[in-house]
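Shown next, in structure tokens, is the structure this report addresses.
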Amino acid sequence: MKTRLPVRAAILKRKTYEAPAEGRSGKIRLDFNENTAGCGPAVLRALARLTPQQFAMYPEYQAPTARMARQLGVRPEELLLTNGGDDALRVFFDTFVEPRTHILICEPTFPMYRYYAEIAGARIETCHYDAQLRLPLTAVLAALRKKPRVFFLANPNNPTGTLVPAKELRKLLNAAPDTVVVFDEAYAEFSGFSTIPWIHRHPNLFIARTFSKAAGLAALRLGAVIASKESLAFIRRAMPPFPVNLAALTAAEAALRDRKTIRTYIRGIQRTRESFSVALQKLRVTTFPSGGNFLLANFGPAGPALFAKLERKGILLRDRSKDMGPGFVRITIGTPAEMKTLLHGIRRNWKKDA
């Protein structure tokens, strides 16, 4: 029997999304911006207390959401938990984007904005960071006048590390009263800046957050959307009844209560990020300011060969040569020991004029 499945045109036009890498266990993993130190001990203790009966029942959300909202400085009705940070982005397409409507992004940036837009059959308008990796504010303001359904801005941006000043962010919000403005703050803890306090003044503002980075819970997949009660109510209509698993809820609560562990980790990353940048500059490697737990660097034409050598030695970096130019690489800031090993590998295997 021959069959012809009724696949949507948007799916037929795109390739399957493949995870960038597998087989990373046991290696120095500086490619995915993970917390390489691991989650705090309070998380492990909380997970160990879960009972077989709890695992057998659907989770309840009201009480843990209220406790987490208090830790984040918002009201429970202003916080929506999602199945990972990626899902926190998908819900905007489910709620606001229809086929052939358009969204606005600034590239290079997190690829999931484009990924979900293609699946939704949306048109994608793109602005581009300049040579110094600054936000093209004038171009973005002009694009917002066309009233895109959603404008996504990662702040700090991945992979550039760019942190847009508050004054410019306010201009964007004020210029887009008919656009859903999503500030993706996956790395906000490392920059020390968040727009969460702005949600009451800007009903078009939505903030996407994740527990994968500073909290070290990437494997449990927990994200969040924060917005005013009235605005967030529209997204709630697109959510399933049980979007988040019990282990993720339990771990996130424990992580937020143990703020000391997270603060210590963040301060360590900030110090290591600065010292690593200085070390690369002494080797005449171009680096860019970063507000995240990573650093973008440009090793020039000799870079790709170096990255391949390091990978063979078990040191994984995120080579961005194909989309940003030969030699661009995004480097997760790992533990001091990991960064020392990386620097040793760079010094042994790379020369600027090679």
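Starting from 1, each residue takes its place in the sequence as its number.
The side-chain hydrogen bond (donor to acceptor under 3.5 Å, both in side chains) check on S228 picks up S231, with sequence neighbours excluded. Contacts of D258 classified as side-chain hydrogen bond (donor to acceptor under 3.5 Å, both in side chains), with partners at least two apart in sequence or in another chain: T261. Checked against side-chain hydrogen bond (donor to acceptor under 3.5 Å, both in side chains), R149 has the following partners two or more places apart in sequence or in another chain: E98. Scored by the side-chain hydrogen bond (donor to acceptor under 3.5 Å, both in side chains) test, T109 finds N157 as partners (sequence neighbours excluded).
More than 12 heavy-atom neighbours from other residues, nucleotides or ligands sit within 6.0 angstrom of CD on Q132. Counting heavy atoms of neighbouring residues, nucleotides and ligands inside a 6.0 Å radius, atom CD of E60 does not exceed 12 of them.
For residues 195-205, the set of pairs meeting the side chain to side chain donor-acceptor pair (under 3.5 Å) definition, not counting sequence neighbours, comprises E78-H200, E185-T195. Counting only residues at least two apart or on different chains, the salt bridge (Lys or Arg N to Asp or Glu O under 4.0 Å) pairs with a member in residues 117-126 are R14-E118, E125-K146. Pairs of residues two or more places apart, or lying in two chains, never qualify as salt bridge (Lys or Arg N to Asp or Glu O under 4.0 Å) while including a residue from residues 285-312. For residues 157-186, the set of pairs meeting the ring-ring contact (aromatic ring centres under 6.0 Å, His included) definition, not counting sequence neighbours, is empty. Residues in residues 127-162 take part in these ring-ring contact (aromatic ring centres under 6.0 Å, His included) pairs, two or more places apart or across chains: F93-F152, Y113-F152. Counting only residues at least two apart or in different chains, ring-ring contact (aromatic ring centres under 6.0 Å, His included) contacts with residues 209-261 comprise Y58-F242. Among residue pairs with one or both ends in residues 322-337, those qualifying as side chain to side chain donor-acceptor pair (under 3.5 Å) are N33-R330, N33-T332, N158-R330, R320-D323, T335-E338; sequence neighbours excluded.
The backbone N or O of A218 lies less than 3.5 Å from a partner atom in the side chain of R221, making a donor-acceptor pair. Q54 places a side-chain N or O within 3.5 Å of a backbone atom of T51 that can act as its donor or acceptor partner. In terms of modelled atom types and a separation under 3.5 Å, the side chain of S277 and the main chain of R273 share no donor-acceptor contact. With hydrogens and angles disregarded, a donor-acceptor distance shorter than 3.5 Å links the side chain of Y61 to the backbone of V244. Between the side chain of T101 and the backbone N or O of V97, no donor-acceptor pair lies under 3.5 Å. Proximity of a side-chain donor or acceptor of S290 to a complementary backbone N or O of G292 within less than 3.5 Å is detected.
For the atom pair R236 CZ and T95 OG1, the distance stands at 11.5 Å (nearest 0.5 Å). The distance from atom CZ of F32 to atom CG of L317, rounded to the nearest 0.5 Å, is 12.0 Å.
Heavy atoms only, all atoms of each residue included: T162 and N155 are closest at O-OD1, 3.8 Å. Taking both residues in full, the closest heavy atoms of G334 and I269 are given as O-CD1, 4.1 Å, listed atom of the first, atom of the second, then distance.
Annotation: F294 is not in aromatic contact with F190 [ring centroid separation under 6.0 Å not met].
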Show me, pair by pair, the donor-acceptor contacts under 3.5 angstrom made by side chains of residues 248-256, not counting sequence neighbours?
{"residue": "T250", "atom": "OG1", "partner": "L246", "partner atom": "O", "Å": "2.9"}
{"residue": "E253", "atom": "OE1", "partner": "R67", "partner atom": "NE", "Å": "2.5"}
{"residue": "E253", "atom": "OE2", "partner": "R67", "partner atom": "NH2", "Å": "3.1"}

Evaluate the criterion side-chain contact (heavy atoms from CB on, under 4.5 Å) for residue pair Y116 and V150; output intermediate values, then yes/no.
CA-CA 12 Å; Y116 285 128; V150 186; over 6 Å; no
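Here the options are R267, R209, R263, the test is salt bridge (charged side-chain N to carboxylate O under 4.0 Å, His left out), and the partner is E189; only R209 passes.
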